[in-house]
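Please read the structure below before turning to the comments.
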Amino acid sequence: MDFDQRILVTGGAGFIGSAVVRKLVSDTAAQVANVDVLTYAGNPDSLSAVADSDRYRFYHVDICDSQALDEVFAEFCPTAVMHLAAESHVDRSIDGPAEFIQTNILGTYSLLESSRRYWSGLAGDEKKGFRFHHISTDEVYGDLQDDTSLFTETTPYAPSSPYSASKASSDHLVRAWQRTYGFPVLITNCSNNYGPFHFPEKLIPHVILNALHGKPIPVYGDGSQIRDWLYVEDHAIALIRVLEAGKIGETYNIGGHNEKRNIEVVETICSLLEELAPQKPDGVARYRDLITFVTDRPGHDARYAIDASKIQRELGWAPEETFDSGIRKTVSWYLDNETWWQRVLSGAYQLGRLGESAAPSKFKGDE
Ligand code: NAD
């Protein structure tokens, strides 16, 4: 990939952000600056493959801190921003929405303003080439009640949770900055991601790790909620493609064409573990016996499904992984990378950077 840029990635220590950073460093000639405040979801271990690259640098900065952001812009002089920093866990947004409003709305506002100040000072080709790519979710569209319709780029916004409402707000801000100031933005809305380095509070890693530990596997309601799953590396490739060739002001939906009921996902993982990790914990006859149905989440969306035909037609992107190939890779990755997830479970991944002692992480477990 011929891609010689200076890209400021926010949230690059998170699940998708770290996949984007790894991909930019390994597959392009880009210089990458990662701006991340390292919340519980930020894990520098996920960046060990790029940490020593001379094309990668890290800024421990909160996107709500405009002065610190202005300094990063002045020092790094980016040609583009890829904005992934966010609070991203729906359950946490229900328990405590304040941080979602702070980071997802006010943080996006402060990043937009720092980026616009910097862009306003550019001239000629540098100004023309600058892009602000806002990475968002299909959850802004609310949910689908039938089995056939799909979210398109023109589906009206109808977010259900504090998380999706805060992301919807940030999308509106980004669009308004384009309309009002002519600021060169791109927006992508993606379906549920899964894959390596996924924080264990999310459904797929939570199921894998609970099964390996012989713990109950909680499934909300009857497990009939449908999600459209995309392998995280396919998402990273799509994001780089949009940055490279997307049209200013446009929105692109990104999806995996992999609609699955939550219960199907859980059962698939259990079957793969039977094959790949046949040595089960004491007292467990079959991994699927650990499945436990729990009270549904309030406002739980029934179905998400993405129409990704625009990005395919206009930018030539399509996912490389099917759900079968991606979920097999994911389960294998967790089996082969126990050190990564043990350090998350013990809290050791946060040691030495937050001035805190290691405390075991607490997880609730869904997307
Ligand atoms: P994540 O929770 O794994 O990572 C978020 C990262 O942002 C962390 O590294 C965290 O430290 C950082 N961060 C949080 N607040 C910050 C702040 N104030 N300043 C600087 N850094 C901060 O999230 P993810 O799953 O990688 O998602 C990345 C983006 O993609 C989010 O915007 C999310 O809404 C969007 N998205 C996620 C999915 C998904 O399935 N995970 C799907 C579609 C879209």
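One is the number of the first residue; the rest follow in order along the sequence. Ligands are counted one by one from 1 in listed order, and the atoms in each one are counted from 1 as well.
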Task: Residues, nucleotides or ligands: over 12 heavy atoms within 6.0 Å of Arg313 CZ - done: yes

Task: NZ or CZ of Arg92 within 45° of Phe100 ring axis and under 6.0 Å - done: no

Open item on the list: Just to confirm my output: which protein heavy-atom neighbour is closest to atom 11 (O) of ligand 1, and how far is it?
Closed with: Asp36 OD1, 2.6 Å

Task: Distance from atom 18 (N) of ligand 1 to nearest protein heavy atom, with residue and atom - done: Asp62 OD1, 2.9 Å

Open item on the list: Using modelled atom types and a 3.5 Å cut-off, is there a donor and acceptor pairing between side-chain atoms of His60 and backbone atoms of Val37?
Closed with: yes

Open item on the list: For atom 33 (C) of ligand 1, tell me which residue out of Phe15, Tyr59, Phe197, Tyr163 has the closest non-hydrogen atom.
Closed with: Tyr163

Task: Which of the ligand 1 atoms, numbered from 1, are nearer than 4.0 Å to a heavy atom of Thr137 - done: 43 (C), 44 (C)

Task: Parallel, tilted or perpendicular, as decided by the 30° and 60° cut-offs, for the rings of Trp229 and Tyr194 - done: perpendicular

Task: Interfacing atoms of ligand 1 (cut-off 4.0 Å, heavy-atom, Ala13) - done: 9 (O)

TODO: Check whether any N or O atom of Gly14, backbone or side chain, sits under 3.5 Å from an N or O atom of ligand 1, and answer yes or no.
DONE: yes

Open item on the list: Among all protein heavy atoms in this structure, tell me which lies nearest to atom 43 (C) of ligand 1, with the distance rounded to 0.1 Å.
Closed with: Cys190 O, 3.3 Å

TODO: Examine distances only and state if a side-chain atom of Tyr349 and a backbone atom of Tyr40 form a donor-acceptor pair shorter than 3.5 Å.
DONE: yes

TODO: Using a strict 4.0 Å cut-off to heavy atoms of Thr39, name the atoms of ligand 1 that fall inside it.
DONE: 10 (C), 11 (O), 14 (C), 15 (N)

- [ ] For Asn192, take its heavy atoms, then give the atoms of ligand 1 lying under 4.0 Å from any of them.
- [x] 40 (O)

Task: Which residue and heavy atom of the protein sit nearest atom 31 (C) of ligand 1, plus the separation - done: Leu84 O, 3.3 Å

TODO: Have a look at ligand 1 and work out which part of Val61, if any, has a heavy atom under 4.0 Å from it: side chain, backbone, both or neither.
DONE: backbone

Open item on the list: Could you identify the single nearest non-hydrogen protein atom to atom 5 (C) of ligand 1 and state the distance to 0.1 Å?
Closed with: Ala86 O, 3.4 Å

TODO: Quick one: sort the Trp119 and Phe183 rings into parallel, tilted or perpendicular, breaks at 30° and 60°.
DONE: perpendicular

Open item on the list: Using a 4.0 Å cut-off to any heavy atom of Ser191, which atoms of ligand 1 qualify?
Closed with: 42 (C), 43 (C)

TODO: May I ask you to list the atoms of ligand 1 that are less than 4.0 angstrom from any heavy atom of Gly42?
DONE: 8 (C), 9 (O), 11 (O)

- [ ] Evaluate the criterion salt bridge (Lys or Arg N to Asp or Glu O under 4.0 Å) for residue pair Lys310 and Glu250; output intermediate values, then yes/no.
- [x] CA-CA 10 Å; Lys310 177 176 171 181; Glu250 291 289 315; 2.5 Å; yes

Open item on the list: As an exercise, identify every atom of ligand 1 less than 4.0 angstrom from a heavy atom of Ile135.
Closed with: 30 (O), 32 (O)

TODO: Do me a favour and list the nearest non-hydrogen protein atom to atom 20 (C) of ligand 1 with residue, atom name and distance?
DONE: Val37 N, 3.3 Å

TODO: Give the ring-plane orientation class for Tyr157 versus Tyr141, where under 30° counts as parallel, over 60° as perpendicular and anything between as tilted.
DONE: perpendicular

Task: N/O separation below 3.5 Å, Lys167 to ligand 1 - done: yes

- [ ] Over 60° means perpendicular and under 30° means parallel, so classify the ring planes of Trp333 and Phe197, tilted if in between.
- [x] tilted

Task: Residue pair Glu75, Arg57: steps toward the salt bridge (Lys or Arg N to Asp or Glu O under 4.0 Å) verdict - done: CA-CA 12 Å; Glu75 186 178 296; Arg57 65 178 90 170; 3.8 Å; yes

TODO: Please indicate whether any nitrogen or oxygen in Ser136 is less than 3.5 Å from any nitrogen or oxygen in ligand 1.
DONE: no

- [ ] Just go through Ala19, Pro44, Ser88 and tell me whose heavy atom is the nearest to atom 1 (P) of ligand 1.
- [x] Ser88

Open item on the list: I need the nearest protein heavy-atom contact for atom 38 (C) of ligand 1: residue, atom name and distance, please.
Closed with: Ile16 CD1, 3.5 Å

- [ ] Mark up the atoms of ligand 1 that fall under 4.0 Å of a heavy atom belonging to Leu38, in ascending order.
- [x] 11 (O)

Task: Taking atom 15 (N) of ligand 1 as the reference point, the nearest protein heavy atom with its distance - done: Thr103 CG2, 3.5 Å

Open item on the list: Tell me whether Ser18 contacts the main-chain N or O of Gly14 through its side chain, where contact means a donor paired with an acceptor under 3.5 Å.
Closed with: yes

Open item on the list: Could you walk me through whether Glu314 and Lys247 satisfy the salt bridge (Lys or Arg N to Asp or Glu O under 4.0 Å) test, starting with their C-alpha distance in whole Å, then the side-chain angles of each, then the deciding distance to 0.1 Å, before giving a yes or no?
Closed with: CA-CA 9 Å; Glu314 296 187 9; Lys247 241 173 90 189; over 6 Å; no

Task: Proximity of His83 to ligand 1 by residue part, where a heavy atom lies under 4.0 Å - done: neither

Open item on the list: Under a 4.0 Å threshold between the charged nitrogen and the carboxylate oxygen, would Arg22 count as salt-bridged to Glu233?
Closed with: no

- [ ] Could you check whether the rings of Trp177 and Tyr181 sit parallel, tilted or perpendicular, using 30° and 60° as the cut-offs?
- [x] perpendicular

